[in-house]
2 protein chains.
Amino acid sequence: MDKETPAQDDVVDEAISASDIPRIALIEQLFFAYRDFTADPDRILSRFGFGRAHHRALYFVSRRPGMTVAELISLLDITKQSLSRVLRQLIDSGHIRQIEGQTDRRQRLLYPTRAGRELVLDLSWPQSRRIDRALQLADLGDDELVSRFLRAMRNSAPQGGQGEDNASGSGKLES
Amino acid sequence: MDKETPAQDDVVDEAISASDIPRIALIEQLFFAYRDFTADPDRILSRFGFGRAHHRALYFVSRRPGMTVAELISLLDITKQSLSRVLRQLIDSGHIRQIEGQTDRRQRLLYPTRAGRELVLDLSWPQSRRIDRALQLADLGDDELVSRFLRAMRNSAPQGGQGEDNASGSGKLES
DNA sequence: AGGAATATGTCAGTACTATTGACTTAATTT
DNA sequence: AAATTAAGTCAATAGTACTGACATATTCCT
């Protein structure tokens, strides 16, 4: 008689809400924000047949020109074999070039070419503009508060000053 | 003579910086924050042999119990065939149950079981705690500012009040 | 009533990305 | 000289997503 709601046993009818998960609103907002944030570069990447792995590799090489293959592998936290394909494509397409290390000639130091530099800027500009727009829309003058929040979201947030100059914060990504 | 820096032509030696991309710091911080943010549930999911697709499906079904398969497909923006595998596993593992629609018997309305409810809470709690901790560390009293920022990061940000009660903000995810 | 459209599910084939493991070459370190 | 390191490659496997085609049951429309 009372089957207006699905009366199946062991079925939960009630939606999860902030009373179950206090920060559920932010969880969801972060999900959608990041989704749209990555959609911009994804569109550009697809024109080259590239994916996000190419974006990350090119980005970090541009952020730290002259890094070794081993460093990039450690930073991206992928296997040598996975990077191999991505790196090969980026080299073949003329976005990255390898140069034999001067002190250690086993090393193949990674540098972006001018084309690589252009691409990484193309990929990053929409993201930078989106952040700018969001800061304005949200009526936050500078990025200090958001920056503090995002840094605090990390596992071992390097709470150091703003002048951090490395590309990873801690040199190695703790998964 | 002057080959201290890699003198290869068409190679860029200088790192990209805030002078190239004004919001480069936030771009990077958002990347690392989201990476660590998703690592928590990923660890739990792997114990079930699940991936992020399972998380998203279970999450949205828990957020809106009784949604149809078509609605979930549209929300996740994946194909029917892709959802099929994920949904099958979630059903076989007893986390989601399908109930024939009362008004439209073609529909298979999706509900979390008690186990599904438990799992989605397990997955969301670490994320909620991480956000809580970050808000405290960043010395932001409530989440109002961060929430405004994240909402403004979306493509078509529903700038409406905080009382949004749907799981997507706009009912359909614009890719 | 009967045909069109809808909701769901499934099969087959393809592609991409990432994995592990084993091995090679060249250069450096000990 | 032997061990180690940096980089690259080959082979096999797995996970995830895709397209296209098709099947079934149900509802909508005329």
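Proteins come first, then strands; the chains are lettered A, B, ... in the order of their sequence lines, and each starts at number 1.
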Next item on the list: Decide if atom CD of B:Glu100 counts as having more than 12 heavy atoms of other residues, nucleotides or ligands within a radius under 6.0 Å.
Entry: yes

Margin query: For A:Gln81, I'd like to know if atom CD has over 12 heavy atoms of other residues, nucleotides or ligands within 6.0 Å.
Written below: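 Yes, CD of A:Gln81 has more than 12 neighbouring heavy atoms, counting only those of other groups under 6.0 Å.
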
Item checked: Residue mapping more 5' on DNA chain C - nearest nucleotide basis, A:Gln89 or B:Gln107 ->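 The residue whose closest nucleotide sits nearer the 5' end is B:Gln107.
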
Notebook entry, point to check: Mapping A:Ile78 and B:Val69 onto DNA chain C by nearest heavy atom, which one lands closer to the 5' end?
Noted result: B:Val69

Notebook entry, point to check: Looking at B:Arg133, B:Arg130, B:Arg52, which one forms a salt bridge (charged side-chain N to carboxylate O under 4.0 Å, His left out) with B:Asp40?
Noted result: B:Arg130

[X] [atom1] to [N] [atom2]: how many Å, rounded?
X	N	atom1	atom2	answer
B:Ile91	C:dT8	CD1	P	12 Å
B:Leu90	D:dT16	CG	P	11 Å
B:Arg88	C:dG9	CZ	C1'	9 Å
A:Lys80	C:dT17	NZ	P	21 Å
A:Ile73	C:dT19	CD1	C1'	14 Å
A:Arg52	D:dA17	CZ	C1'	14 Å
B:Leu76	D:dA17	CG	P	9 Å
B:Ile99	C:dA7	CD1	C1'	17 Å

Are OP1 or OP2 of [N] and a side-chain N or O of [X] less than 4.0 angstrom apart?
X	N	result
B:Arg85	D:dT16	yes
B:Gln98	C:dG9	yes
A:Thr79	C:dT19	yes
A:Ser82	C:dT19	yes

Checklist line | Heavy-atom donor-acceptor pair, B:Gln81 side-chain to C:dG13 base, under 3.5 Å | finding: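 Counting by modelled atom types and ignoring angles, no donor-acceptor contact under 3.5 Å is found here.
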
Next item on the list: Please work out which of the three classes, parallel, tilted or perpendicular, describes the rings of A:Phe50 and A:His54, given edges at 30° and 60°.
Entry: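 The arrangement is parallel - the two ring planes meet at less than 30°.
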
Item checked: Short side-chain to backbone donor-acceptor contact, A:Asp104 and A:Gly101, under 3.5 Å ->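 Between the backbone of A:Gly101 and the side chain of A:Asp104 there is no qualifying donor-acceptor contact (under 3.5 Å).
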
Note to self: Is the positively charged end of A:Arg97 above the ring of A:Tyr111, judged by distance under 6.0 angstrom from the centroid and angle within 45° of the axis?
What the structure shows: no

Notebook entry, point to check: Going 5' to 3' along nucleotides 24-30 of chain D, which nucleotides have protein heavy atoms under 4.0 Å from the base (write B), which only from the sugar-phosphate (write S), and which from neither (write -)?
Noted result: -BBS---

Check: Per the side-chain contact (heavy atoms from CB on, under 4.5 Å) rule, which among B:Leu87, B:Ile99, B:Leu90, B:Thr68 passes with B:Leu110?
Finding: B:Leu87

